[in-house]
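Okay, so here's the structure we're looking at.
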Amino acid sequence: MELTLDRLSVTANGTTLLRELSLDVPGGGVVGLVGPNGSGKSTALRCVYRALRPHTGTVRIGGDDLHALPLRDSARRLAALTQENTVDLDFTVRELVALGRTPHNAGNQALSRRERDLCEWAMERMDVARLADRGVLTLSGGERQRVLVARALVQEPSVLVLDEPTNHLDVRHQIQLLSLLRGSGLTVLVVLHDLNLASASCDRLGVLRDGRLVAAGPPTEVLTAELVRDVFGVEATVVTHPVTGDPQLLYALTTHDSGRTTP
Amino acid sequence: MTSTTNTPEDRLPAHDDAPERTEGQHPPPRPAPSWTGLAVGAVGLLVLLAGSVVLAIGLGPSVISPADTARHLWAALTGGTIPASEVTVQQIVWQVRTPRVLLAVVVGAGLSLVGVAIQAMVRNALADPFILGVSSGASVGAVSVSVFGGLAVLGVHAVSAGAFLGALGASALVYLAARSRAGVTPLRLVLTGVALSFGFQAVMSLLIYLAPSGEATSMVLYWTMGSFGAATWSTLPLVAVAVLVAVVVLVRNARRLDVLSLGDETAVSLGIDTHRLRVGLFVLTSVVTGAMVAVSGAIGFVGLVIPHLTRIVVGASHGRVLVIAPLVGAVLMVWADLLARTLVAPRELPLGVITALVGVPVLLTLMRRRGYLFGGR
């Protein structure tokens with residue numbers, strides 16, 4: 001299912017957070033949003049998972065205006081991993097994952113056999129099945145993050161939107177998660193901070209600065225030393241990954257404003 | 001914005017899901033009770049409640065055995081006849097104690113229920129039914145009626161009506177003051193409620209200061225500590241219906257409340273209209289709390305503690321908590337009221353004293369034993 005952001009603008013308290021952002025995520029494609037802190041990545045995603053209504057512009061999902069759909073209908077098509085990593089109540093992992101079925105079931109309807117199997121599958125995929133009976137508040141940040149991804153998978157969406165999904169994850173689980181996204185066949189829009197992981201996992205990247213899209217295209221075209229210097233203000237050497245051929249960035253800790261030493 | 005990732009996890013020097021962690025460091029797995037377990041628990045509590053009610057009706061200045069109490073209740077319910085020598089006992093059982101004990105059942109259940117709903121609505125473990133200013137608003141309403149008169153057409157119910165209107169007025173004020181363009185956010189709601197509560201208390205103090213009469217002062221004690229001393233058959237139906245409606249509505253929305261605790265943004269992404277849900281909860285809890293405060297004053301602690309006690313035992317899922325918490329609250333309240341009216345008879349202790357003295361140690365003990373978590377470590 002295709003996801004299209006069409007000239008989205010968002011202002012809050014007189015500040016423009018997002019300016020005329022247009023971005024296409026083709027069906028089954030993985031598109032990454034990167035940019036410095038405060039560049040509008042999360043704002044863009046919030047418009048997509050409907051926590052925020054853009055002041056102008058539209059989000060289309062499979063051709064329909066997303067914000068015109070009933071919330072429940074859009075929740076059946078699109079699942080989100082937000083930055084809210086906190087949960088108030090000590091649900092068990094199994095209970096929390098099962099909440100992903102909410103948009104598909106009426107009221108308190110019990111899960112069917114198939115849905116319970118689906119939950120088990122998602123917990124296996126995210127490597128949290130052995131935690132199924134643990135309270136989520138006893139988990140570490142990384143474990144909880146994986147539980148929340150499992151919850152999003154159980155929603156059986158066509159489009160998956162993730163805001164920094166690799167937060168808190170150790171390197172093995174980062175690689176596992178991004179591989180899963182690539183191989184899922186879902187339409188994925190993901191915000192990532194790690195440019196090397198973004199390069200490895202995304203078909204296309206959109207680069208945001210001050211709420212504007214300043215570059216978009218395949219990682220090989222977008223991730224250049226000039227752009228990284230320009231947008232992120234760091235010097236990086238771009239090399240080609242010897243195995244995958246993806247562009248990868250190498251950083252040196254000393255920056256141009258010399259005199260400062262790293263602790 | 002993406003820059004704000006200062007969750008507690010980030011501030012820790014090291015992530016604790018490093019591979020070397022062993023299973024032994026975790027608390028043992030805690031499977032949620034099964035549905036049959038829940039049904040057994042609910043039926044058990046109902047039996048306990050029925051027994052407590054009969055026992056509590058029998059106890060007081062004149063002690064009536066449970067068997068005699070049951071016989072009198074049966075006679076009153078079925079219109080059966082009793083010997084003329086027992087008419088006084090019948091009066092005590094049916095006209096004095098039964099409505100009082102039943103009111104304790106209704107209010108105990110209602111406060112626990114509203115406590116669960118409010119804690120979910122404002123996403124705060126410290127929330128109780130009175131956190132949004134309902135009780136102090138009710139006191140202002142009740143004291144104004146007794147000081148200035150008014151609502152005289154309602155006769156003996158004038159003060160209760162004043163309390164109810166005060167409660168609703170306070171809720172409406174809190175809601176309007178907390179509303180912003182982004183809707184009503186949980187923290188704003190709590191802060192506004194706490195702030196306005198202080199305001200209402202100041203108004204009440206002013207009223208008492210300006211009209212210094214012993215009656216007004218004792219009324220304040222009544223409204224702030226609570227009592228079922230004024231219970232009659234006529235006070236019962238309205239509040240009972242309100243609590244029953246709340247049980248049905250909340251249980252039907254149990255899963256929505258579960259989803260709300262994942263955060264508003266996640267809830268929206270799961271298809272829940274959080275704004276509408278929160279407004280609905282606000283109206284429901286305000287009306288029910290107002291109805292309860294109007295007949296019994298603000299009985300503290302029950303609405304804060306019973307939800308936590310229940311979660312410690314049955315887990316977090318609202319489908320279970322909303323069934324068990326009202327029953328636990330009802331049983332506790334029947335006993336609290338019994339203690340309040342018998343411990344120092346013929347005087348009566350304020351109910352809030354009993355609920356706090358019993359509730360605090362129970363909660364602290366359970367928290368320490370079960371490693372209870374709400375909203376983080």
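What you are looking at is a predicted structure, and each value in this text was computed from that prediction instead of being measured. Convention: sequence-line order gives letters A, B, ...; per-chain numbering from 1.
A:Glu84 and B:Thr266 share a donor-acceptor pair across their side chains, judged by distance under 3.5 Å alone.
Side-chain contact between A:Leu96 and B:Leu262: present, with at least one pair of heavy atoms (C-beta onward) separated by less than 4.5 Å.
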Quick one, A:Glu95 with B:Arg320, criterion salt bridge (Lys or Arg N to Asp or Glu O under 4.0 Å). Give me CA distance, side-chain angles, the key distance, then yes/no. CA-CA 12 Å; A:Glu95 284 172 336; B:Arg320 295 191 297 267; 2.6 Å; yes

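If you measure heavy-atom distances from A:Asn105 to chain B, the contacts under 4.5 Å come from the side chain alone. Only the side chain of A:Arg46 comes within less than 4.5 Å of a heavy atom in chain B; its backbone stays farther off.
Interatomic distance, B:Leu270 CG to A:Leu71 CG, rounded to the nearest 0.5 Å: 10.5 Å. B:Arg255 contributes atom CZ, which lies 7.0 Å from atom CG of A:Leu99 (distance to the nearest 0.5 angstrom). Rounding to the nearest 0.5 angstrom, the gap separating the OG atom in B:Ser261 from the CG atom in A:Asp90 is 10.5 Å. Interatomic distance, CZ of B:Arg256 versus OG1 of A:Thr102, reported as 9.5 Å (0.5 Å rounding). The distance from the CG atom of B:Leu322 to the CG atom of A:Asn108 is 9.0 Å, given to the nearest 0.5 Å. Here the CG atom belonging to A:Leu89 is positioned 5.5 Å from the NE2 atom belonging to B:His318, to the nearest 0.5 angstrom.
Around atom CZ of A:Arg72, more than 12 heavy atoms belonging to other residues, nucleotides or ligands sit under 6.0 Å away. Annotation: A:Asp210, atom CG; neighbour count of heavy atoms from other residues, nucleotides and ligands within 6.0 Å does not exceed 12.
Of all the listed residues (A:Arg76, A:Gln109, A:Arg101), the one sharing the greatest number of non-hydrogen pairs under 4.5 Å with chain B is A:Gln109. Counting heavy-atom pairs under 4.5 Å between each of B:Val251, B:Asp258, B:Val259 and chain A puts B:Asp258 at the top.
Contact detail for A:Gln155 and B:Ser269: the closest heavy-atom pair is NE2-O, 3.0 Å.
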